[in-house]
There are 2 protein chains.
Amino acid sequence: MNKKYTIKDIAEIAGVSKGTVDRVLHKRGKVSKTALEKVNTVLDRIDYRPNLIARNLKNTKIFNICVLLPNPKIDIYWEGCIDGINDAIEEFISFNIAVTIYFFNPTNTNSFIENNEEILKTSPDAVLIAPLFYKEAVEIVKNYNALGIISVTFNNYLKSNAIKSFVGQDLFQSGKVAGRLLEILVKKGLIAILHIDEDYENAIYVQEKEKGFRAYFNQVNNTNYTIKTCSLQHPNFKRSFYEFIEAHPNLAGIFVTTSKAFQVAEITSKLDKKIALVGYDLLKSNLNYLKSFDIDFLIHQNPKRQAYLGVVHLIEYFIFDKEIPTKKLLPIDIINSENANNYI
Amino acid sequence: MNKKYTIKDIAEIAGVSKGTVDRVLHKRGKVSKTALEKVNTVLDRIDYRPNLIARNLKNTKIFNICVLLPNPKIDIYWEGCIDGINDAIEEFISFNIAVTIYFFNPTNTNSFIENNEEILKTSPDAVLIAPLFYKEAVEIVKNYNALGIISVTFNNYLKSNAIKSFVGQDLFQSGKVAGRLLEILVKKGLIAILHIDEDYENAIYVQEKEKGFRAYFNQVNNTNYTIKTCSLQHPNFKRSFYEFIEAHPNLAGIFVTTSKAFQVAEITSKLDKKIALVGYDLLKSNLNYLKSFDIDFLIHQNPKRQAYLGVVHLIEYFIFDKEIPTKKLLPIDIINSENANNYI
DNA sequence: TTGAAAGCGCTAACAC
DNA sequence: GTGTTAGCGCTTTCAA
């Protein structure tokens, strides 16, 4: 009933040779009308599912995929990506795929550009990039595209039609998630949106989160709350933050738009009053404060899965001709002290 | 540098034939000491990764996997499983795998037993079961085991060494997650644990959730809270629940241990005071109340992924010789009104 | 105990 | 245009 048909079967039924069937299937032309019809009649009647596996046995071309992301030694957030990429490599080890990882310094635009030049030299078939530097990335991606190199971005969205696909979260929506969480945590008072732009610039992305956060509170339209944005830079962070606290005695909750919630918790955990705290990312230091309830919720951006999916999409495109989704939005995981362990 | 070695390569280097290498690799015996040594020396020196794909080209045996779960028409919770199973089938369509789904009536123990008998008749290589009926499942699984049929359970844990693997959530821990959520939602007063055991018996599993929930509150040890358990049966649910509310004016939060939180929300949403509500599962009716904020949080048990993984583990075991993890615990996803869409 | 050879499903080169 | 054939990496005969 559910017989699996092979090219050989089709050839026999249609009364032609395997080669002809193959030519029809792949639209390689050089097939007479009569042969084409004979084959198509058979194909219409049966459910032919090519064995994608056997297809690739033959293939000798090695696909070259390059991944470029910030050096995890400089920003530990990216560490999981390496595992994700390695998982993908392992999973497709039987195919002719070469994946190479490049790291750039996220505090240094030139490092980003230089690494892309390095990548170009290897004439890759595709690149997967975390495009932290917006302007530069747009140019670089345009260049890849001109050279026929497929580019896919992850973690940070980039508007450009030179990009084939994006894997990551909807940051606006994740701001709304944080909004809902803080609404529950705080009944009234001031809620601060804290941008802790440590060393480097990813302003566009934290702004997206802020917009979502504010959109949520506009929508609930509750006069109990005041929302205020505050941008803090690294060197003076502690002092500036203390000043902020003193200047705002009604401060009741904080939304940290970067992964640095632990820096805030370090301070708020020592205050007399409880300040609700929602942040991002399962860094060790964040998790410690989550377990001690000084951070109430973390939003998990799942960099590991982002990188994994980015690579897998490319591999499956090359070896299985599978379409790459233009936009793959990952779930916005809410983490508290009790479910954290399941995500790491 | 990273050359991929094939059996042919190894044979040439070792100065033996492909057949001999194969015999060594698969420990089929019938290899002389000298040949064995020659091959092993080569294997020690290189990193041989067999092409698992090519391996299965030859294989003509069709592996027969049967899945048994409650009929989604009777309990809609299970609906997602079908998609998950179909995803797995699709993913491995090129291999010789036959997956058949069987449904039992979750309100009827006999239906469970009968379906297992049906399955037995097809002499499967493995079964994946949602063992809702504990006692009966233990017997059935023992029987499968005796017949050399691999059994894997999902969604509901069963203690039995006749079972090869379990895929699902840690229900105790998910109770703790709910505990933490209600602690945040409710500052003081009575928190009710509601078991709505509709038509059928899954008492063991909801008890596990209750234990975790209580464990959490014992651990925070806050005298502001009283925890009380309440079991309600379907026919009189509404009346009994109203009585419960009236008898407990300090009721501030409810933890529903089944997927029937919507039945509670239907009532609490019409009360004057806000009662915090945490439940399970992304049923349509639950989601509606989540969006209207009458349910505060849902815990997602991800039946789709459970079934998917259960099947995939088996398939990969058969075709890739991959080990099946004894216990695969899925993350305990916390869902609120804002991140729900990403999970469905 | 061993090597040679056929064949899994598909592709691509090559005659005709 | 079309059929034949070799070969991808591996397994499994089968003859030696």
Side-chain angles (χ1 to χ4, degrees), chain A residues 2-40 42-43 46-63 92-97 318-322, chain B residues 2-40 42-43 46-63 92-97 318-322:
Chain A
N2 234 331
K3 175 168 171 34
K4 272 200 206 146
Y5 293 92
T6 70
I7 285 197
K8 195 177 147 201
D9 294 326
I10 298 173
E12 276 167 16
I13 302 174
V16 296
S17 75
K18 289 199 300 171
T20 304
V21 176
D22 186 69
R23 276 182 283 260
V24 172
L25 285 173
H26 293 292
K27 303 191 174 69
R28 282 198 236 285
K30 314 206 172 195
V31 179
S32 68
K33 250 176 226 149
T34 43
L36 184 77
E37 270 167 28
K38 278 197 278 186
V39 174
N40 275 334
V42 179
L43 286 178
I46 65 164
D47 177 34
Y48 171 64
R49 314 291 301 253
N51 185 329
L52 302 174
I53 302 309
R55 166 130 80 211
N56 284 284
L57 258 186
K58 186 73 180 183
N59 191 4
T60 48
K61 166 160 178 47
I62 295 177
F63 291 101
F92 292 93
I93 193 148
S94 294
F95 298 92
N96 283 317
I97 307 281
F318 286 127
I319 64 181
F320 296 146
D321 266 325
K322 221 169 152 180
Chain B
N2 232 330
K3 172 163 174 36
K4 272 198 206 150
Y5 292 92
T6 70
I7 286 197
K8 195 176 147 200
D9 294 328
I10 299 173
E12 276 167 14
I13 302 174
V16 297
S17 75
K18 291 197 298 169
T20 304
V21 177
D22 186 70
R23 277 180 283 259
V24 173
L25 286 173
H26 293 294
K27 304 191 172 70
R28 284 198 236 284
K30 314 204 171 192
V31 180
S32 68
K33 251 179 227 147
T34 43
L36 184 77
E37 270 165 29
K38 279 197 278 185
V39 174
N40 276 333
V42 179
L43 286 179
I46 65 164
D47 176 33
Y48 172 64
R49 314 291 301 253
N51 185 330
L52 302 174
I53 302 308
R55 167 128 85 210
N56 284 284
L57 259 186
K58 187 75 180 182
N59 190 6
T60 48
K61 166 159 178 50
I62 294 178
F63 290 102
F92 293 92
I93 195 149
S94 294
F95 298 91
N96 283 317
I97 306 282
F318 287 126
I319 65 180
F320 297 145
D321 267 325
K322 220 169 153 179

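Model, not experiment: these values are computed from the prediction. First the proteins, then the strands, lettered A, B, ... as listed; each starts at 1.
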Novice: With sequence neighbours excluded, tell me which residues meet salt bridge (Lys or Arg N to Asp or Glu O under 4.0 Å) with B:Lys61.
Specialist: B:Asp125

Novice: Which residue pairs pass the salt bridge (charged side-chain N to carboxylate O under 4.0 Å, His left out) test when at least one of the two sits in residues 19-29 of chain A, sequence neighbours left out?
Specialist: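 Passing the test, one end in residues 19-29 of chain A: A:Asp22-A:Arg28.
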
Novice: Do B:Leu25 and B:Ile7 come close enough that some side-chain heavy atom pair is under 4.5 Å?
Specialist: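 A side-chain contact under 4.5 Å exists here.
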
Novice: With side chains defined as the heavy atoms from C-beta onward, is the minimum distance between B:Asn51 and B:Lys4 less than 4.5 Å?
Specialist: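 Heavy-atom side-chain distance check fails, nothing below 4.5 Å.
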
Novice: On DNA chain C, which is the earliest and which the latest nucleotide, 5' to 3', with an atom closer than 4.0 Å to a heavy atom of chain A?
Specialist: C:dG9 to C:dA12

Novice: In chain order, what residues pass the ring-ring contact (aromatic ring centres under 6.0 Å, His included) check against A:Phe95, with sequence neighbours excluded?
Specialist: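 ring-ring contact (aromatic ring centres under 6.0 Å, His included) list for A:Phe95, sorted by chain: A:Phe320.
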
Novice: Side-chain N or O of A:Thr20 versus OP1/OP2 of D:dG3: is the shortest distance under 4.0 Å?
Specialist: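 For D:dG3, OP1/OP2 do have a side-chain N/O of A:Thr20 under 4.0 Å.
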
Novice: Could you check whether any side-chain heavy atom of B:Asp321 comes within less than 4.5 Å of a side-chain heavy atom of B:Leu52, counting everything from C-beta outward?
Specialist: no

Novice: One character per nucleotide, please: for nucleotides 8-16 of chain D, 5' to 3', B when the base has a protein heavy atom closer than 4.0 Å, S when only the sugar-phosphate does, - otherwise.
Specialist: BBBBB----

Novice: Would you say B:Asn56 and A:Ile53 make side-chain contact, with heavy atoms under 4.5 Å?
Specialist: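 No. Closest side-chain heavy atoms not under 4.5 Å.
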
Novice: Compute the angle between the rotation axes at the two ends of the helix from C:dT1-D:dA16 to C:dC16-D:dG1, each taken over five pairs, rounded to 10 degrees.
Specialist: 60°

Novice: Is there a side-chain contact between B:Leu43 and B:Asn40, using heavy atoms and a 4.5 Å cut-off?
Specialist: yes

Novice: Is any side-chain heavy atom of A:Tyr5 closer than 4.5 Å to one of A:Val42?
Specialist: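 No, every pair of side-chain atoms sits at 4.5 Å or beyond.
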
Novice: If you define the side chain from C-beta out and look only at heavy atoms, does anything of A:Val21 sit under 4.5 Å from A:Val24?
Specialist: no

